[in-house]
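Let me begin by presenting the structure, written as C-alpha cells, before commenting on it.
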Amino acid sequence: MLVFAASDKGGTGRSVTSCNVVYRSALAGSNVCYLDFDFGSPTAGSIFQITDAARGVRKGGLHSYLLDTNVAPTGEAKRIDVWSRSARASLRQRPPGSGKLMLFPGDEDGGEFGPDKEALRRCVHLFQALDEEFDMCLIDLSAGRSYATQLVLEATADPALRGVTARWLVFHRWTRQHIPAAGGLVYGPNGILEVGVDAGHDRERLRAAIKFVRTAVVDPDSVELSGLRPAQVAWLRDCDEDLRNLAATWQVGRSAVIGTVPLDPVLQWREQLISDDDVVARDIANSSTVEAFGELSRRLAVDDDWIGA
Amino acid sequence: MVLVLGEVQTTALRHSGGIPQGFAEAALALTAGERVRVSERPISYAVSPRTYTGVDCTIEARSGAKVRGVGTLMGRASLTGGRVLQCSVVARLEPVPGGHRRAWSHYLARLGVVETLGRTDIPGTAAAHLSADRSVSTMGMGAFCGGLVGRIQKSPVLDQQLPLRVRRTVLRWAAVVNEDAEDPKVLFTVREDGLREIKLELAAPGAIDGLLDLFEDLALHDWLLTALLSVIEQSRIGVEQPAQSVVRLRPAVDHLLHLWMPAARLDEFGQSAWKALESRPGLTRQWDASVKRIRDQMAMAAALVDRQPERAQLFR
Ligand SMILES: Nc1ncnc2c1ncn2[C@@H]1O[C@H](COP(=O)(O)OP(=O)(O)OP(=O)(O)O)[C@@H](O)[C@H]1O
Ligand SMILES: [Mg+2]
C-alpha cells in the first residue's frame, strides 16, 4: 500500500504525524518505509533522529534518484534503517515482532522541479519495487500544489501500479484558515482531484481514497482544559461548533476524516517520535496522542474505512 | 585477460500463485517474434529471448582510472516454478587499441560485447563493479536490469497480487578469465548493505550461457533462503501463539519450500562451482535448518490444536 501525505499549508504537522504513524505501524509488526518527497525541505531525518541525514543526505537521496541526469549509473535510492541508525537509544532497541522501519531520505541540496518524463518512469519503478518489499510506503509530499504531487498522481495512474492500493492523507490544523485550505487542495482548481483526473484517475475512486487528518486539535472537553473558567469553555465549544460547520461546507467534515491528533506538549516543543516511554515512564507526552497515531496507523489498513478506494 | 561483468535481480512475481506456462510465455516475451524457451523438469522454468541495449559510457576502475566503453549489454529474464522472477544483464569487456568509436553497425555485429577504448585495468574494473555503492552500477547495468523487472511485473497477464513481501535481491558478479588460473575459484559475499557479490576466476571462458545459468541459480537460491528467513522472522515465533505463527508461515509452505533444487539445471562446470559454495557459506545447510524449524512449528501447532485456547486462536 502507498500512502501519500499532503497538506495545503506548511507547518501543519504532516511530517511529524506521518513519522509517528509509520513508527506505530512498524511497532505493530508491519514492514514500513517513509519516503521524503518534500524536496525543498526534507526534514524526516531529523524527526527520526538520524544524525547525518537531519536535512537530507549529501548524495543519492530521492531527489537525485529521480532527477540525476546521468542516467546510466542510477541504481537504487539510498535507504536508512531507522532501527539501527537513529541516535535515539530507545529506537535502537528494536522490539521483537516489530517490522522494518526504513527511511528514504531526500537530498540536502534538493529543490522543487517541473514535469519530467524520466523522473516519472523512475518514480513508477521505485513504487513498484518498494511495494514488493513493504506493507506500507508513506510518501511525504511538500506543502501546497507541488510538482511532486502531480508526479505521484501520474505514477499511480500508470498501469504498472494498477494492483497497488494508494491512499491519501490530507493534513490540516483545526482553524478557520486551514479548513478551507485543505478543502481547496483536494477539490479546488489544480487540486488533487483535478490533477488526478488529468493524469488518468477515476474521479470517484480517487475521491474515496482521500481522507483528512486534523492535527494539533484542542478538545474543549479535555482534562487539560479543566482549569478554564466556565465562560471560556463555553466560548471554546462555540468556536469548535463553528469550525465543524465550516468543515462540513468544505467537504472536510466527519465522514471525510480518518484521524484527529490532539495538541501535544512534546510536539509543540519539538518535532520527534513519541515513544511509549515518553508517555508511561517519563510522563511528558499525552497517551491520547500516541493512541491517535496508533488509531490512524490501524485505520489506514482497514479497507472498510476506505470504501470505494 | 577477459572480463565478463553482470548483475542478477531476483524477486517474487506479482501473481498470487504459480502461473501456468502459457502466461509465463506471454509475460516473458521481451522481443517480438522470438520464442520464450520453457522446460518442465526438474522444475518449471521459462527464459525470455535475449534483449540488448546500447551503451556509450565511462567505465571506472577501482584506482579511479577511467576508460570509455562502447557496445551493447545483453539482458534476459527467467521464471522458476512460475513464481520467482529473475532478470540478468551481462557484458563482456574487450579492450581495443586506439581511442575512436566505430560505427554502430560494428557493435551490433558483436552483441553483448562492450569495447573499452584504450588501456583497461581489468582486475581494477572488476573490483570497482563489485564494490560500488548500491546507488551506482557499472555501465548502468542496474538500471537496465531493474527496467526489465519492472516491464515484466506490469504484464497484463499477472493478477498483481504478491504472494509474499521481500526485498528484491541484487547480485553483482565478475568473471575474470585468466589463462594462468588453475582451478576455477569462486567467492560469494553478502555485503552489509545487502548486495550480493560473486567473484569467479577461471582459465577458459566457456559459453556466456553457462555463466548466466550459474549466477542466476545462485541468486535464485540465495533469494529463496532470504525470503524464507524473512517469513520466519515475521511469523513472530515465540511472540505469538504457535497457531498464529503457523498462519504467518504459510506463504513459505505455499510458495517457497518446493523450489529448493540447487544446481538442478547446471552443467558440470556449474555443479562444481556450487559444490565449492556449499562448504562455505553453506546455503543448503541453512536452508535445511530453517525448513526444519518451520516443520517443528507446524508439528507443535498441530499437537496443540486439540487444546481449547489454541483452537480458538486458529479458527477465530
Ligand atoms: N499534534 C501536535 N501538537 C502540537 N504540535 C504539533 C503537533 N503536530 C505537529 N506539531 C508541531 O508543528 C510543527 C510543524 O510540524 P511538521 O514539521 O510536521 O509540519 P509539516 O506540515 O510537515 O511542515 P512543512 O510543510 O514545513 O514540512 C512542528 O513544530 C511540530 O512539532
Ligand atoms: Mg514537513
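Below, chain A is the first sequence line, B the second, and so on; all start at residue 1.
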Is it the case that more than 12 heavy atoms not belonging to Phe23(B) sit under 6.0 Å from its CZ atom? no

Here the gap from Lys78(A) atom NZ to Asp133(B) atom CG, rounded to the nearest 0.5 Å, amounts to 6.0 Å

With a sphere of 6.0 Å drawn around CZ of Arg62(B), does it hold more than 12 non-hydrogen atoms of other residues, nucleotides or ligands? no

Report which part of Glu7(B) has an atom under 4.5 Å of a heavy atom belonging to chain A: side chain, backbone, both, or neither. neither

Chain A contact via Val55(B) - which portion, at a heavy-atom distance below 4.5 Å: neither

Donor-acceptor pair, Glu133(A) side chain versus Val166(B) backbone, under 3.5 Å? no

Is it the case that atom CZ in Arg88(A) sees more than 12 heavy atoms from other parts of the structure closer than 6.0 Å? yes

Applying a strict 4.5 Å limit to non-hydrogen atoms, the region of Ser230(B) in contact with chain A is neither

Interatomic distance, CG@Leu162(B) vs CG@Asp135(A), rounded to 0.5 Å, equals 10.5 Å

Check whether Arg236(B) gets within reach of chain A through its side chain, its backbone, both or neither, counting any heavy atom under 4.5 Å. side chain

Looking at Arg101(B), I want to see if its CZ is surrounded by more than 12 non-hydrogen atoms of other residues, nucleotides or ligands under 6.0 Å. yes

Test side chain to side chain contact (heavy atoms under 4.5 Å, CB included) on Arg14(B) and Gln128(A); report intermediate values, then the result. CA-CA 10 Å; Arg14(B) 283 187 166 270; Gln128(A) 194 189 37; 3.9 Å; yes

Arg162(A) CZ to Gln160(B) CD distance, which is reported to the nearest 0.5 Å: 4.0 Å

Top contributor to chain B interface from Leu130(A), Asp158(A), Asp81(A), Asp131(A) [non-hydrogen pairs under 4.5 Å]: Asp131(A)

Side chains of Ser135(B) and Glu76(A): do they bring a donor and an acceptor to under 3.5 Å? no

Contact origin within Lys100(A) toward chain B - heavy atom pairs under 4.5 Å: side chain

Give a yes or no on this: more than 12 heavy atoms of other residues, nucleotides or ligands lie within 6.0 Å of atom CZ of Arg293(B). no

Who wins among Gly99(A), Gly97(A), Gly60(A), Pro159(A) for the most heavy-atom pairs under 4.5 Å with chain B? Gly97(A)

Heavy-atom contact with chain B under 4.5 Å, split by part of Val124(A): neither

To the nearest 0.5 Å, what is the distance between CZ on Arg167(B) and CD on Glu132(A)? 12.0 Å

Proximity breakdown for Gln153(B) and chain A, heavy-atom pairs closer than 4.5 Å: both

Check whether more than 12 heavy atoms from other residues, nucleotides or ligands sit under 6.0 Å from atom CE of Met1(A), and answer yes or no. yes

Checking heavy atoms, do the side chain of Ile237(B), its backbone, both or neither come under 4.5 Å from chain A? neither

